[in-house]
Amino acid sequence: MKRFFLTLIATFLLAISAAAQVETWQIDPNHSAAQFAVKHGGISIVRGAFGKTTGTVQYDAADPSKTAIDVTIDATSVDTRVEPRDKDLRGPNFFDVEKYPTITFKSKKVEPEGKGKLKVTGDLTIKGVTKEVVLAVDGPNGPTKDPRGNQHMGASATTQVSRKDFGVSGAPGGVADDVLITIDVELVKPAAPAAPALPK
């Protein structure tokens, strides 16, 4: 009986240790953005960005396959530096932000792709349509610690999608179908709170 309890305790402690390796990181919206590039009129590349990106990353440096990514992009924050165009992009022919104010990505599988690189498969939802996409990820790098004890990592992910697959079909013939998406994020893990001082 004693051996049984010792084995049970050891198994419990091992489970706690394994779980502790997976850490939760927050996406820092002030240092993160989702960008896109699409060819206009078959001539030039138009680039834009969504200025508000939030979410969480569950990350285990020892086993990246345990990583889980959940990203939300504020579609209303689209910015191509041309206000009439941005207004059009927020409209029903493109992102229709009144009905679909966010774009989301949720990972389903994460695989190492060489040193410092990951292959992330997940569901991208734009304008209420969900499609599986694959992100090529550089990183995460770090971590580094700031003066307040918070830890920081950075990563960059790219993928190419067909906008028409998501119902973003405005300006047919004038705007290309294929869109290159790049997501640059800074991840933050706050420092553990200081232990309360013992009474004297």
Side-chain angles (χ1 to χ4, degrees), residues 24-40 44-59 64 67-111 113 117-140 153-188:
T24 300
W25 297 76
Q26 300 292 329
I27 293 176
D28 179 358
N30 293 327
H31 299 98
S32 304
Q35 299 94 30
F36 60 89
V38 61
K39 185 164 284 190
H40 173 257
S44 63
I45 300 292
V46 172
R47 302 181 188 276
F50 296 95
K52 297 179 182 179
T53 301
T54 58
T56 59
V57 176
Q58 307 285 335
Y59 181 66
T67 299
I69 302 168
D70 189 342
V71 178
T72 298
I73 298 166
D74 183 350
T76 69
S77 67
V78 65
D79 180 12
T80 64
R81 303 171 306 282
V82 179
E83 182 53 36
R85 181 166 60 205
D86 295 343
K87 184 177 180 180
D88 194 21
L89 289 173
R90 295 185 191 105
N93 288 330
F94 288 92
F95 295 111
D96 200 0
V97 300
E98 288 193 7
K99 290 184 180 178
Y100 309 102
T102 61
I103 297 168
T104 62
F105 175 82
K106 298 180 186 296
S107 66
K108 298 194 294 186
K109 182 170 65 173
V110 178
E111 304 167 271
E113 283 282 291
K117 295 183 182 296
L118 299 173
K119 176 183 176 183
V120 179
T121 303
D123 287 332
L124 177 65
T125 301
I126 302 174
K127 207 174 178 180
V129 179
T130 300
K131 299 285 185 181
E132 184 177 277
V133 301
V134 177
L135 303 181
V137 179
D138 285 326
M153 296 194 301
S156 180
T158 59
T159 191
Q160 183 169 292
V161 302
S162 162
R163 67 187 181 95
K164 293 178 182 177
D165 284 349
F166 295 91
V168 183
S169 55
V175 177
D177 184 23
D178 292 334
V179 181
L180 178 66
I181 298 172
T182 304
I183 303 174
D184 295 308
V185 296
E186 183 170 324
L187 306 174
V188 180

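The model shown is predicted, which means the values in this text are computed figures rather than measured ones.
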Counting distance only, does the side-chain N/O of [X] pair as donor-acceptor with the main-chain N or O of [Y] below 3.5 Å?
X: Thr130; Y: Thr125; value: no
X: Asp96; Y: Lys127; value: no
X: Lys106; Y: Gly122; value: no
X: Lys52; Y: Ser77; value: no

Next item on the list: Output every pair passing salt bridge (charged side-chain N to carboxylate O under 4.0 Å, His left out) with a member in residues 82-93, not counting sequence neighbours, ordered by first then second residue.
Entry: Glu83-Arg90

What pair of heavy atoms forms the shortest contact from [X] to [Y], and how long is it?
X: Thr67; Y: Ser107; value: O-OG, 4.2 Å
X: Ser156; Y: Asp184; value: OG-OD1, 2.6 Å
X: Ile45; Y: Ala37; value: CG2-CB, 3.9 Å

Item checked: Asp165: partners by side chain to side chain contact (heavy atoms under 4.5 Å, CB included), with sequence neighbours left out -> Lys131, Ser162

Note to self: Determine whether the aromatic ring centres of residues Phe95 and Phe50 are separated by less than 6.0 angstrom.
What the structure shows: yes

Note to self: If we check side chain to side chain contact (heavy atoms under 4.5 Å, CB included) with Thr159, which of these qualifies: Leu180, Ile181, Val137?
What the structure shows: Ile181

If you measure from [atom1] on [X] to [atom2] on [Y], what distance do you get to the nearest 0.5 Å?
X: Thr53; Y: Asn30; atom1: OG1; atom2: CG; result: 11.0 Å
X: Asp178; Y: Lys164; atom1: CG; atom2: NZ; result: 10.0 Å
X: Gln160; Y: Thr182; atom1: CD; atom2: OG1; result: 10.5 Å
X: Phe36; Y: Ile103; atom1: CZ; atom2: CD1; result: 9.0 Å
X: His31; Y: Leu187; atom1: NE2; atom2: CG; result: 12.5 Å

Margin query: Evaluate Leu118 against Glu113 for side-chain contact (heavy atoms from CB on, under 4.5 Å), listing each step before the verdict.
Written below: CA-CA 5 Å; Leu118 299 173; Glu113 283 282 291; 5.8 Å; no

Check: Are Leu124 and Phe166 close enough that some pair of their side-chain heavy atoms sits under 4.5 Å apart?
Finding: yes

Check: Does the side chain of Leu135 come within less than 4.5 Å of Phe105's, by heavy atoms?
Finding: yes

Note to self: I'd like to know whether Ile27 forms a side-chain contact (heavy atoms from CB on, under 4.5 Å) with Thr54, so could you lay out the CA-CA distance, the side-chain angles of the two residues, the decisive distance to 0.1 Å, and finally the verdict.
What the structure shows: CA-CA 5 Å; Ile27 293 176; Thr54 58; 5.5 Å; no

Checklist line | Residues, nucleotides or ligands: over 12 heavy atoms within 6.0 Å of Glu98 CD | finding: no

Next item on the list: Check whether more than 12 heavy atoms from other residues, nucleotides or ligands sit under 6.0 Å from atom NZ of Lys109, and answer yes or no.
Entry: no

Next item on the list: Would you please say whether a donor-acceptor pair under 3.5 Å links the side chains of Thr24 and Gln58?
Entry: yes

Notebook entry, point to check: Are Arg163 and Val175 close enough, and set up right, to give a side-chain contact (heavy atoms from CB on, under 4.5 Å), and what steps lead you there?
Noted result: CA-CA 10 Å; Arg163 67 187 181 95; Val175 177; 3.5 Å; yes

